[in-house]
Chemist: 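Starting off with a structure, shown below.
Side-chain atoms are counted along with the backbone in the values below, which use heavy atoms only and exclude waters and symmetry mates. A quick note: this is a predicted structure, and the numbers were derived from the prediction, not measured.
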Amino acid sequence: MQNVVLRAAREAEPEETHIVLAMGTNDGSDLEHTVNARWYDAKRTQMHGFEVGKLALAEARRKFVSHPEVHVHGTAVTDADGKSLQISNSGQHTKVLSAVKGRNTEKSRNTTSSYSVPTVSLHGFVRAQRIAQVTYTLIDVEANEATIVRGMRLDLPENRATFAIFQYESWNPYENGWTQWELARWLEQCGYRLYAIGSRASSDATAEPVPKHARLDSAAAGAVHRETPVLLRFNSSTYEDSLWCTFSGGRQRRNSAPPTPTTTSIGSNTLAVAEDAIHASPWLNAFLARHALT
């Protein structure tokens, strides 16, 4: 979805400098897909990635030696500025050991290293970098998404303008104790529309609108293998509905328990879009009209 949004923004505003923030860059691979796209403009793009794993950080920086517009920071994004997290690397896995600066941690038998990384909130980062508007923010940090979103300070109007559209991974619950329903309700209160992100096989013969809460059927008659991105609108009240949406394949479970705010996950990733930005941005309005099913 990141590249789909960025391409739409680039084509609609070719002379603008577009800024991307990415947490959880997967050794820089997610950003690499963007810089290698044919429509990508290195002269009018600024990308900031954040990595806490030492190996991942080194690999990401290596990939972008020839891309000075891409900055990969060895920083943990949280809801607090100027603190530190104690991190451990065990093989390819990175985890947080402690949020207390200077605290000693006991290394496990499989731990190869432990170290501290500084923390920053996205609210603090954009202020320090003097960034007025971010074209896209990707947050994929293994259940810490709610903490990062809280650090965006979306209760402030200026931050809703800065973070007009962003993507976050869905977890129930998040590490800070919030459920996906609680995060959805909070974002609605801040003035955001929410969409579950998915894809479906498409053809002109089967390109019919899919109603809210419906399962996306990629095996429909006449469907082709080409996958197209789709967005399915939902809100916090969806979690109280006995009919709820899923983008995964497979058969519908029978006699399953009704969804609840504690257990129900709407899709695997969510796109949050500020209502004010939709009304103010023709390209964003057109983008949603093209890709949203409801």
Chemist: Quick one about T34 and Q2 (side-chain donor to acceptor, distance below 3.5 Å, no hydrogens or angles considered), yes or no?
Modeler: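 Yes, a side-chain donor-acceptor pair sits under 3.5 Å.
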
Chemist: Give the ring-plane orientation class for H67 versus Y40, where under 30° counts as parallel, over 60° as perpendicular and anything between as tilted.
Modeler: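 If you compare the ring of H67 with that of Y40, the planes turn out perpendicular.
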
Chemist: Classify the side-chain pair D27/S29 by whether it contains a donor and acceptor separated by less than 3.5 Å.
Modeler: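 No, no side-chain donor-acceptor pair sits under 3.5 Å.
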
Chemist: If you compare all heavy atoms of A76 against all heavy atoms of L85, which two are closest, and at what distance to 0.1 Å?
Modeler: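 Smallest heavy-atom distance, with atoms named: CB-CD1, 3.6 Å.
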
Chemist: Do the two ring centres, one from H48 and one from F125, sit under 6.0 Å apart?
Modeler: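 Judged by ring-centre distance (under 6.0 Å), H48 and F125 do meet the cut-off.
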
Chemist: How about Y136 and H18: are their ring centres within less than 6.0 Å of each other?
Modeler: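 Ring-ring flag for Y136/H18: false, centres at least 6.0 Å apart.
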
Chemist: Under 3.5 Å, side-chain donor or acceptor atoms of residues 279-289 against the rest of the protein: list the pairs with distances, not counting sequence neighbours.
Modeler:
residue: S281; atom: OG; partner: W283; partner atom: NE1; Å: 3.2
residue: S281; atom: OG; partner: L284; partner atom: N; Å: 3.3

Chemist: Over all heavy atoms of both residues, which pair between G53 and Y115 is shortest? Give the atoms and the distance, please.
Modeler: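 Of all heavy-atom pairs spanning G53 and Y115, the closest is CA-OH, 3.4 Å.
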
Chemist: Under 3.5 Å, is there a donor-acceptor pair linking the side chains of H123 and N159?
Modeler: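 Yes - a donor-acceptor pair under 3.5 Å links their side chains.
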
Chemist: Which of parallel (below 30°), tilted (30 to 60°) and perpendicular (above 60°) describes F166 and Y192?
Modeler: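 Aromatic pair F166/Y192 classed perpendicular.
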
Chemist: Looking at D81, T78, V77, T147, which one forms a side chain to side chain contact (heavy atoms under 4.5 Å, CB included) with S121?
Modeler: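 Answer after filtering D81, T78, V77, T147: D81.
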
Chemist: Nearest heavy-atom pair of E51 and G28: which atoms, and what distance?
Modeler: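 It is OE2-N, 4.4 Å.
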
Chemist: V20 and W39: same hydrophobic cluster, using ILVMFWY side-chain contacts below 4.5 Å?
Modeler: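 Linked within one cluster.
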
Chemist: Using only heavy-atom distances, determine whether the side chains of T162 and Q133 contain a donor-acceptor pair under 3.5 Å.
Modeler: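 No - no donor-acceptor pair under 3.5 Å links their side chains.
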
Chemist: Are V273 and I278 close enough that some pair of their side-chain heavy atoms sits under 4.5 Å apart?
Modeler: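 Yes, at least one pair of side-chain atoms sits under 4.5 Å.
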
Chemist: Enumerate the residue pairs fulfilling salt bridge (Lys or Arg N to Asp or Glu O under 4.0 Å) with a member in residues 58-77, sequence neighbours excluded, ordered by first and then second residue.
Modeler: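 Pairs touching residues 58-77 that pass the test: E32-K63, E59-R62.
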
